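The structure under discussion appears below in the form of structure tokens.
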Amino acid sequence: MAYSEKVMDHFANPRNVGEIADADGVGEVGNSKCGDIMKMYIKVNNGVISDVKFKTFGCGAAIATSSMATELIKGKSIDDALKLTNKAVMEALDGLPPVKVHCSVLAEQAIKTAVADYYKRQGIDPEPIVGSMTDCHDFDCES
Amino acid sequence: MAYSEKVMDHFANPRNVGEIADADGVGEVGNSKCGDIMKMYIKVNNGVISDVKFKTFGCGAAIATSSMATELIKGKSIDDALKLTNKAVMEALDGLPPVKVHCSVLAEQAIKTAVADYYKRQGIDPEPIVGSMTDCHDFDCES
Amino acid sequence: MKKIYADNAATTSLAPKVLDVMMPYLTTQYGNPSSIYSIGAEARKAVDLSREAVANAIGATPGEIYFTSGGSESDNWAIKGVMHQLKSKGKKHIITTAFEHHAVLHTVEALVKEGFEATYLDVHSDGIVRHEDLKNALREDTGLVTIMYANNEIGTIQPIAELAKICREHGVLFHTDAVQAIGNVPINVQDENIDLLSLTAHKFHGPKGCGALYIRKGVRLQTLIHGGAQELGKRAGTENVAGIVGLAAALTNAIATMYERHEKLTSMRNRLIDGLLTIERSRLNGDRDKRLPGNVNMCFEGIEGEALLLSLDLKGICASSGSACTSGSLDPSHVLLAIGLPHEIAHGSLRLSFSDENTEEDIDYILKTVPPIIERLRSMSPLWEKIMKENK
Amino acid sequence: MKKIYADNAATTSLAPKVLDVMMPYLTTQYGNPSSIYSIGAEARKAVDLSREAVANAIGATPGEIYFTSGGSESDNWAIKGVMHQLKSKGKKHIITTAFEHHAVLHTVEALVKEGFEATYLDVHSDGIVRHEDLKNALREDTGLVTIMYANNEIGTIQPIAELAKICREHGVLFHTDAVQAIGNVPINVQDENIDLLSLTAHKFHGPKGCGALYIRKGVRLQTLIHGGAQELGKRAGTENVAGIVGLAAALTNAIATMYERHEKLTSMRNRLIDGLLTIERSRLNGDRDKRLPGNVNMCFEGIEGEALLLSLDLKGICASSGSACTSGSLDPSHVLLAIGLPHEIAHGSLRLSFSDENTEEDIDYILKTVPPIIERLRSMSPLWEKIMKENK
Ligand SMILES: Cc1ncc(COP(=O)(O)O)c(C=O)c1O
Ligand SMILES: Cc1ncc(COP(=O)(O)O)c(C=O)c1O
């Protein structure tokens, strides 16, 4: 395994844990069968993500990627947030073991799902902007 | 492997090595393909084996059993010599490793062959007295 | 920071006095046991004496003990060796359980791919095989029954003597993977009608990379590793002399201290189980009594095993979970699924396994450390949130 | 009494500095590499670094190195694994040589029993395989060619790069048992087109019971030991961490010191050969130049190998003979028969094999000790008597 120090730091001291009661968008990805569930709450002001919180059921990498992903999008514009790739999350964490790469994908998807929810609440069809969502099993739970 | 001290003693200091120029009986058993050849010379006086010598090509156990066998029959009557079993030789040597048991059989056969030769030289058919001889391969070179 | 090693079912420390016994064979006594000269003969003697010691430990004779590279090789050899041997006799059926170690399960699966057939016995919710199930599964063409002595995750101990007796009565060979049980429970292959038994040294304070297979006299099986005439001509390879000597010393010691250890560990274990069960929505996996003295296996709803283990590691506690984190698979433990747990609960298991080296203070520390970790993880778990909502 | 260990082809002493590197893993660093907590991660790191070191030593990448329990397992895995994999593709033919180690020969024989076919290449009187012979033996259905890098008895080195190139050109996989060669001659699996390569630690001052198999990326073969996900999922079993670390350290050291050792041993070897050849009716077995630097293998007519070895042991010299004394077989060496020696001569062979630890004084002592022993044994040999008579 051998997680990087960054991963362990974000696991031991996750940033932005919690819920946002009056969130503008909420996204949940993964499922318990797969072993990981990420739930992300965003608050949007003038197209900027002014606040973000998460709750995660999952392994160390799942928690750390959630934490890092929230850090990376907090204060960013929605457009920038949508550009966040799982690769960027991994890099920011100084890498992940190969078997844990899917966690970073999950984090990326959680953000997109929350943004999609935000657009939906705005009465905007999210699909052209965010793309279609896959769930845990679609990106290979086993790898 | 682990030969007993007795075996090592008889290997390092074999008794009765050599030839008897005017032997009364000579027996050779085994063959070089099998890896062991024993040649035994006996001198007979009044039905007693007054002298015995051997030459052996073969492993440590082959040399030690030859040596011990000659010790055991020297000074004995021919009848007693014929009663010498491979088991008695092994016991006198404090045992042999299982893969080396055939060497003691070879020693027994060498004595019998020498005695048979003695009888033949006396014009006596040895078979009723000594029994028929087998060679190395008959008692399983492999075991 | 306090360090507590509570993963003795994964591997154990090498006992210093076992290492002492090994040291000559790691230094001056480096001879090859097959060599004829003195230094080789010394090594041969060491291997022979070790074989005798292992035989004595399980009620076998030395000629029935074969040294291997560990439990996995022993399991593979026993199962493939017997089935390949019996194939020509028309035997193509294997009976095992759903919660065997992968060394057994994947071996059986490999045989199934070759055309053999397998029946997986139910292990019920308590993690114990029933002898009626075995009786019902036996077929005319059953060649081998392989059932582990004690499970490596939940520690449940199987009624091996009973199961093996049924096999003996039906003329079917019986193998047991006793890797977890040996040294912890008394085993006698004669009394218990066991035909083949696997063990590995590193589970009882011996070295890693050395195991043994007991093969009852008269049982024929094909060789797994062909070559030189080592191990009575049945398992080739220059002997791991130091490993073999260490295995025998460790096993001898484990057997000698078994009863007092059993008592001590059972009481520690029970106290820990009782303490952890006070945590909301926790459960003990596997029968509470028919289990290894040093095994505790719990599930805590709403949290995931790896996160729990990492948190424990940060507090100095080495433990493990059912899920094979490093195996590349994210599936929850096949053992917990076999005893009927749903996936989401099976993901949150914790195994704590103890040896002689653990103390009551370790239990105190664990009991103090686990609850706040669970609370923290649950506080950030959307699954826990859901469970709480549904049950309000 | 002087003690000279001259059987380094059978096994070598564990180098003290290799043991030093192993010691942490025999004491405090006892973690299971599959475990998630720190002590497990340390063990994992040690295994990973070792894998890297072994890869570097032979020009491979870490993902191509699989640790095993030794040379025999590696040979078995490579040969059975490849042939069982290729079976479904209609490949059923194996090419090997008549003088392989039994770990290869008996494995091939086991496959032949299963229905595979084998061709044994002639090794000629010099103990060297000819590439024309290989070319002629290749068939449409040849799946694997396995030829040892250097022979364990007579030390002859095969033209592996040449042989492997032919295989590559014909799309046939090439395995080499490099157990005796590795660390003694430079080997680069890339440059030499080797697809699979076996090695074992105890032949280069590493520990017994630990080896490796190089499997070129993309080469598929079936698993020999199923179970846990160790060794990239291809070889199950808790890793022998200390052994693996020791293997890597010993190999690294062997490679680093190869050239100076080669020079020193070659000169010692040649002096010994010249000296022993002055004995009446003696002969050197195997090519004089294309041989391992530390290998001397002689036959002395009229005497039997074991008696010679015992006599040498009494004088403090540890050596070996072609005949497998302890194997229960009294057959003379299959290697010597393969190079065309008649049985009675093949019975009388002596192998002396040297390592870094040997000195010129050892050679002096051996040269002084051997002739009187030969004389004594011949004086009591009826075979020698015969030879002398026939040649008078
Ligand atoms: C050429 C060769 N191959 C294979 C082996 C087997 O190696 P191991 O004894 O480590 O299994 C040996 C030595 O024993 C050998 O010399
Ligand atoms: C029940 C059981 N069987 C087999 C094994 C495999 O043993 P090893 O890792 O020594 O090959 C283990 C442990 O790893 C085990 O717990």
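Lettering follows sequence order; numbering is per chain, from 1. In this text, all values refer to a predicted model and were calculated from it rather than measured experimentally.
For D:His102 and D:His334, the distance between ring centers is under 6.0 angstrom. Between D:Tyr30 and C:Tyr5, the distance from one ring center to the other falls under 6.0 angstrom.
Proximity to chain D is absent for every atom of C:Gln230, based on heavy atoms less than 4.5 angstrom apart. Only the backbone of C:Thr12 comes within contact range of chain D, with heavy atoms under 4.5 Å apart. For D:Asn240, the parts lying near chain C are the backbone and the side chain together; criterion is any non-hydrogen pair under 4.5 Å. Neither the backbone nor the side chain of D:Thr28 comes within contact range of chain C, judged by heavy atoms closer than 4.5 Å. Neither the backbone nor the side chain of D:Gln222 has a heavy atom closer than 4.5 Å to any heavy atom of chain C. Contact of D:Leu19 with chain C is made through the side chain alone, with heavy-atom distances under 4.5 Å. The contact between D:Thr223 and chain C is made entirely by backbone atoms, counting heavy-atom distances below 4.5 Å. When heavy atoms are compared at a cutoff of 4.5 Å, D:Ala319 approaches chain C solely by way of its backbone atoms N, CA, C and O. Of the two parts of D:Leu224, the backbone and the side chain both hold a non-hydrogen atom closer than 4.5 Å to a non-hydrogen atom of chain C. Neither the backbone nor the side chain of C:Leu105 comes within contact range of chain D; no heavy atom of the residue lies under 4.5 Å from a heavy atom of that chain. Neither the backbone nor the side chain of D:Ala242 comes within contact range of chain C, judged by heavy atoms closer than 4.5 Å. Looking at D:Ile225, the atoms closer than 4.5 Å to chain C (heavy atoms on both sides) sit in the backbone and in the side chain alike.
A donor-acceptor pair shorter than 3.5 Å can be found between the side chains of D:Asp313 and C:Ser38. D:Thr238 and C:His202 share a donor-acceptor pair across their side chains, judged by distance under 3.5 Å alone. A donor and an acceptor atom, one from each side chain of D:Thr146 and D:Glu100, are nowhere located under 3.5 Å apart. No hydrogens or angles considered: a donor-acceptor pair under 3.5 Å links the side chains of D:Arg235 and C:Ser69. Defined by atom type and a distance below 3.5 Å, a donor-acceptor pair is missing between the side-chain atoms of C:Ser353 and C:Asn8.
Taking 4.0 Å as the cut-off between side-chain N and carboxylate O, D:Glu231 and D:Arg51 count as a salt-bridged pair.
Ranked by heavy-atom pairs under 4.5 Å with chain D, the list C:Gly246, C:Gly233, C:Ser72 is led by C:Ser72.
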Report task. Report the C-alpha separation of D:His205 and D:Glu357 in whole Å, then their side-chain angles, then the decisive distance to 0.1 Å, and conclude whether the side-chain contact (heavy atoms from CB on, under 4.5 Å) test is met. Result -> CA-CA 10 Å; D:His205 301 288; D:Glu357 288 169 356; 3.9 Å; yes

